[in-house]
Amino acid sequence: MTMRELTSLATPSADQDAKNSTVSQVHALNILRALYRDTRLGENIIPFVSEGMQAAVLGFTSPVWAVRNSSTLLFSTLITRIFGVKKGKDEHSKKNRMTGREFFTRFPALYPFLLSQLQEAAATVDSDSGEVKLHPSLFLLLLVLGRLYPSPMDGSSSPLGLAPFMPFIIRCGRSAVYRTREMAARALVPFVLVTRIPATVETLLQDLPPGPQPKTQQNHIHGTLLQVLFLLHSYQAESHRPLQTGSGIGNALRQRMWLASRQNCCVVTRGAYLDVLQCLCGPLASLLPDSQVLELRRETLAVLKASELVGSCGPPTVATASVLSSLGPGAVQYLLSLTHVALGASLERPWRELWGGAEPGARLLESVLRGPLYEVRELALDGLLKKLGGEEEEEEQKKPTWLDKTTLSTLSSLALHETHPQCLAKVLRVLYRLSSQGEEILWRDGDQELSHVDVLARLLSLVQSSAHSVELLCDALTLASRLLVQLVTSDPQTLCAGDLPTLWGALVCGCCGDDQPAEVKLAVTEVLVNTTAPLLASPTLPLGLSTTVSLWRSLLTLLQDEDQDVRDSASDFISHVAPHLLQSDVSSGVGVCPSLALDEAMGALCSLLVVWGEEQAGLLTLTEWLMGDEESGPEEASAENPSSLDEEDEFLFEKGELNLWAEPVQWARLLHRHLVTLTATLGPESPGPDRDRIHNLRARVQTRTLDAKRVLDALPGPLPQFSCTVEHARLALRHERAALALDVLERLT
């Protein structure tokens with residue numbers, strides 16, 4: 001009785017008083033929403049879902065905003081109650097849908113209601129008039145119908161079949177509202193069986209005009225093309241067999257190629273037609289027979305040559321701002337669709353064979369890479385990255401067939417002059433992948449050829465100024481590291497003459513702190529792992545002792561990072577270190593845990609110090625590590641005011657300094673153990689120690705030890721470890737570090 005009364009109040013009625021009915025209707029809609037959301041009612045509320053859905057849909061026809069708002073909330077709750085909580089990122093997947101037969105069997109009252117409402121909404125769609133008409137409930141109807149999909153038992157003779165809905169959904173595709181056409185195309189897919197998609201697509205294509213007409217309805221054309229595109233994508237995903245030879249889809253498309261050419265004045269429908277052609281002629285073209293695909297590619301290529309990307313004669317012309325403005329609304333979308341086709345025509349081998357040579361395809365690729373719109377350039381670079389990623393999986397193919405000197409020159413020039421951060425990051429990533437595959441990149445700035453040293457200087461300057469863009473910083477640093485390794489191998493004297501290696505080392509070390517984003521630390525980890533063999537573990541010490549030891553310290557820091565992915569990635573360095581430098585027998589290519597990798601890294605560094613003949617200098621530097629980096633700390637607090645040490649200063653809420661994984665005490669003891677081992681390697685023939693530096697270190701260590709002990713003694717009596725303050729733990733760590741460092745210095749003297 002309660003549900004019947006609430007549903008009656010929530011449903012609009014013509015014989016009710018306007019003021020009273022509005023207030024009661026809003027309250028009834030809100031109460032119904034609370035009841036449908038209440039999990040304690042469980043399945044007992046399901047019999048009343050049909051009435052609630054009707055009230056929500058009809059509530060959208062109200063002129064009062066409060067009623068429409070409450071109807072929206074009720075509709076959202078009912079969608080969750082019917083189809084369940086969203087089970088994935090893609091709300092259109094089958095996990096969030098059900099068959100039409102199941103839906104209308106559970107809620108039979110909704111079948112005639114939704115059909116009548118859709119018929120009424122479709123009747124208001126009229127693309128022939130200039131006036132925009134939109135039924136208030138059309139979006140809700142398309143949202144519900146878009147969550148259904150046909151049942152194998154569904155047929156035209158079934159009283160609950162989905163076939164009666166199809167003509168009205170197709171008609172909604174003629175709406176003057178772009179969003180309505182897109183939703184109608186998405187909602188049509190569930191109502192067409194996979195076996196009926198070819199016939200439906202052919203019927204829709206035959207409904208398009210075969211040539212330009214005085215009163216061409218572009219809204220109708222666009223809605224139809226969207227429906228064709230969504231159906232073809234569904235067919236590719238659901239079926240692994242090509243379309244029937246006699247389907248007629250290829251002929252229908254070739255007869256209407258004017259829609260993709262300049263004869264069509266609407267760039268929106270031009271782009272939609274190009275999307276359909278790309279779906280049937282692209283790299284995944286398996287829907288049509290090979291002969292029809294070849295014919296479509298030839299005609300598509302002819303359209304492409306006459307488009308804004310390529311002039312009808314002579315060299316390709318880049319679309320200028322004037323051309324962009326002359327295209328009108330939808331120009332960006334059209335140029336993106338055109339770029340999709342251009343990428344396939346310039347990168348895929350079947351397309352390149354139709355050009356009659358490699359040069360036209362290279363010039364076409366140059367056109368899209370130099371386009372005036374960053375969206376076009378970004379899409380082109382995404383296509384190159386995807387192509388390079390696919391070719392890396394093909395072991396038999398060593399060099400990309402589409403790559404030539406013109407393309408490399410275009411990419412290097414783009415890396416030096418690109419202004420959009422995302423495009424610049426992606427072009428640097430493309431160049432890094434090409435360089436990793438052994439391609440020699442010729443860097444040119446106009447007519448001037450640049451050396452690798454000049455390019456490295458520009459990249460390092462870019463890293464310094466790219467703190468606002470994490471992606472750009474990572475890609476610039478990765479490519480700069482690649483160039484540095486090449487210079488160390490080919491021209492070490494020229495490189496070492498400048499300060500670029502020191503600057504590069506400082507930038508790498510500066511990106512390893514706990515306050516850096518995980519993406520930056522992962523990129524730096526990759527850099528350090530890839531440069532372990534040529535730089536960090538090289539017997540020739542190409543970067544000098546100070547920079548090399550700093551890089552090792554950065555690697556050791558990353559092995560103790562809070563993020564597990566960073567630690568695991570940093571552990572891969574062990575496969576790039578010579579086996580005789582490792583303490584344990586670790587097989588090549590076998591991953592090790594970060595704790596073991598930390599121990600092995602410290603042992604490898606000590607072994608390298610012996611190989612470099614820098615045992616004394618290395619011992620003193622590592623002893624400074626053992627002392628810690630803090631220049632000032634709690635030991636400077638006054639002993640007369642020990643209560644100030646109990647204040648944690650919100651330490652637990654300082655996100656950038658908190659690392660719950662690192663064990664500073666264990667790290668200090670591990671470092672001390674390796675230093676003791678290293679001091680044992682010093683023989684009579686070893687160079688004498690730096691007495692002045694040892695004296696200064698001893699003085700600092702003794703001062704720190706006394707200060708830490710004095711402040712610790714000023715604290716309250718001994719406490720259980722679990723009740724010690726943060727400052728007490730810090731002081732205890734400082735005291736132990738100083739004691740261990742003093743032990744190492746005693747061994748040196």
Side-chain angles (χ1 to χ4, degrees), residues 1-118 121 135-149 151 160 183 186-187 190:
M1 181 194 67
T2 302
M3 295 301 297
R4 285 198 300 268
E5 289 295 332
L6 289 173
T7 304
S8 177
L9 291 173
T11 305
S13 177
D15 57 352
Q16 293 179 350
D17 180 68
K19 182 177 180 180
N20 295 331
S21 64
T22 299
V23 177
S24 60
Q25 186 179 3
V26 171
H27 284 305
L29 289 169
N30 293 334
I31 295 172
L32 283 174
R33 179 170 65 94
L35 292 174
Y36 287 122
R37 292 181 60 184
D38 199 326
T39 57
R40 292 171 295 180
L41 295 177
E43 294 294 323
N44 296 328
I45 203 71
I46 296 299
F48 306 100
V49 167
S50 298
E51 291 77 6
M53 180 65 74
Q54 296 180 41
V57 173
L58 294 175
F60 262 71
T61 61
S62 174
V64 182
W65 176 87
V67 176
R68 297 196 302 272
N69 181 60
S70 298
S71 299
T72 303
L73 298 175
L74 176 59
F75 178 81
S76 176
T77 301
L78 287 170
I79 289 294
T80 303
R81 170 62 77 173
I82 295 171
F83 299 101
V85 182
K86 188 177 178 181
K87 302 178 182 64
K89 295 183 179 180
D90 185 12
E91 62 181 14
H92 303 290
S93 64
K94 284 191 175 181
K95 294 180 180 179
N96 301 312
R97 298 190 296 171
M98 65 172 62
T99 65
R101 188 180 186 88
E102 178 186 0
F103 178 80
F104 290 120
T105 300
R106 296 181 64 185
F107 314 108
L110 289 181
Y111 186 89
F113 173 75
L114 294 178
L115 184 59
S116 62
Q117 288 292 312
L118 183 62
H135 192 274
S137 304
L138 181 56
F139 278 6
L140 301 185
L141 298 172
L142 294 177
L143 281 173
V144 174
L145 298 177
R147 289 181 175 266
L148 308 179
Y149 63 92
S151 170
L160 299 178
M183 293 180 65
R186 193 181 301 277

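Just the heavy atoms: all of them, side chains too, but no hydrogens, waters or symmetry mates, feed the values below. Quantities reported herein were computed from a predicted structural model and do not represent experimental measurements.
Side-chain contact check for Ile45 versus Met3: some heavy-atom pair is nearer than 4.5 Å. For the pair Ile79/Arg147, a side-chain contact is recorded, criterion being any heavy-atom separation below 4.5 Å from C-beta on. The side-chain heavy atoms of Leu32 and Phe48, taken from C-beta on, include no pair separated by under 4.5 Å. Looking only at side-chain heavy atoms (C-beta outward), Ile46 and Arg81 come within less than 4.5 Å of each other. Taking the side chain as every heavy atom from C-beta outward, Leu58 and Gln117 approach each other to under 4.5 Å.
Rounded to the nearest 0.5 Å, atoms OG (Ser71) and CG (Leu78) are 10.5 Å apart. Taking CG of Leu118 as the reference point, atom CZ of Phe113 lies at 11.5 Å (rounded to 0.5 Å). Here Thr22 contributes atom OG1 and Trp65 contributes atom CH2; the two are 13.5 Å apart, rounded to the nearest 0.5 Å. In this structure, OG1 on Thr61 lies 10.0 Å from CZ on Arg68, to the nearest 0.5 angstrom. To the nearest 0.5 angstrom, Leu35 atom CG is 8.5 Å from Thr2 atom OG1. Here the CG-CG distance, from Leu74 to Asn69, works out to 11.5 Å after rounding to the nearest 0.5 Å.
The side-chain contact (heavy atoms from CB on, under 4.5 Å) with Arg33 is formed by just one residue from the set Asp38, Thr77, Thr72; it is Thr77.
Closest non-hydrogen pair, Met183 versus Phe139, comes out as CE-O, 3.6 Å. Closest non-hydrogen pair, Pro112 versus Pro108, comes out as CD-O, 3.3 Å. The minimum heavy-atom distance between Ala10 and Gln25, with the atom names listed, is O-NE2, 3.1 Å. Among all heavy-atom pairs drawn from Ala56 and Leu140, the shortest one is O-CD1, 4.1 Å. Closest of all the heavy-atom pairs between Ser50 and Phe107 is OG-CB, 3.3 Å. The two residues Pro190 and Gly146 make their nearest non-hydrogen contact at CG-O, 3.7 Å.
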Evaluate side chain to side chain contact (heavy atoms under 4.5 Å, CB included) for Leu9 paired with His27, printing each intermediate quantity in order. CA-CA 9 Å; Leu9 291 173; His27 284 305; over 6 Å; no
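Using a distance-only test at 3.5 Å, with no hydrogens or angles considered, a donor-acceptor pair links the side chain of Thr99 to the main chain of Glu102. Proximity of a side-chain donor or acceptor of Thr11 to a complementary backbone N or O of Ser8 within less than 3.5 Å is not detected.
The aromatic rings of Phe103 and Phe83 sit parallel to each other, their planes meeting at less than 30°, with 60° as the upper class boundary.
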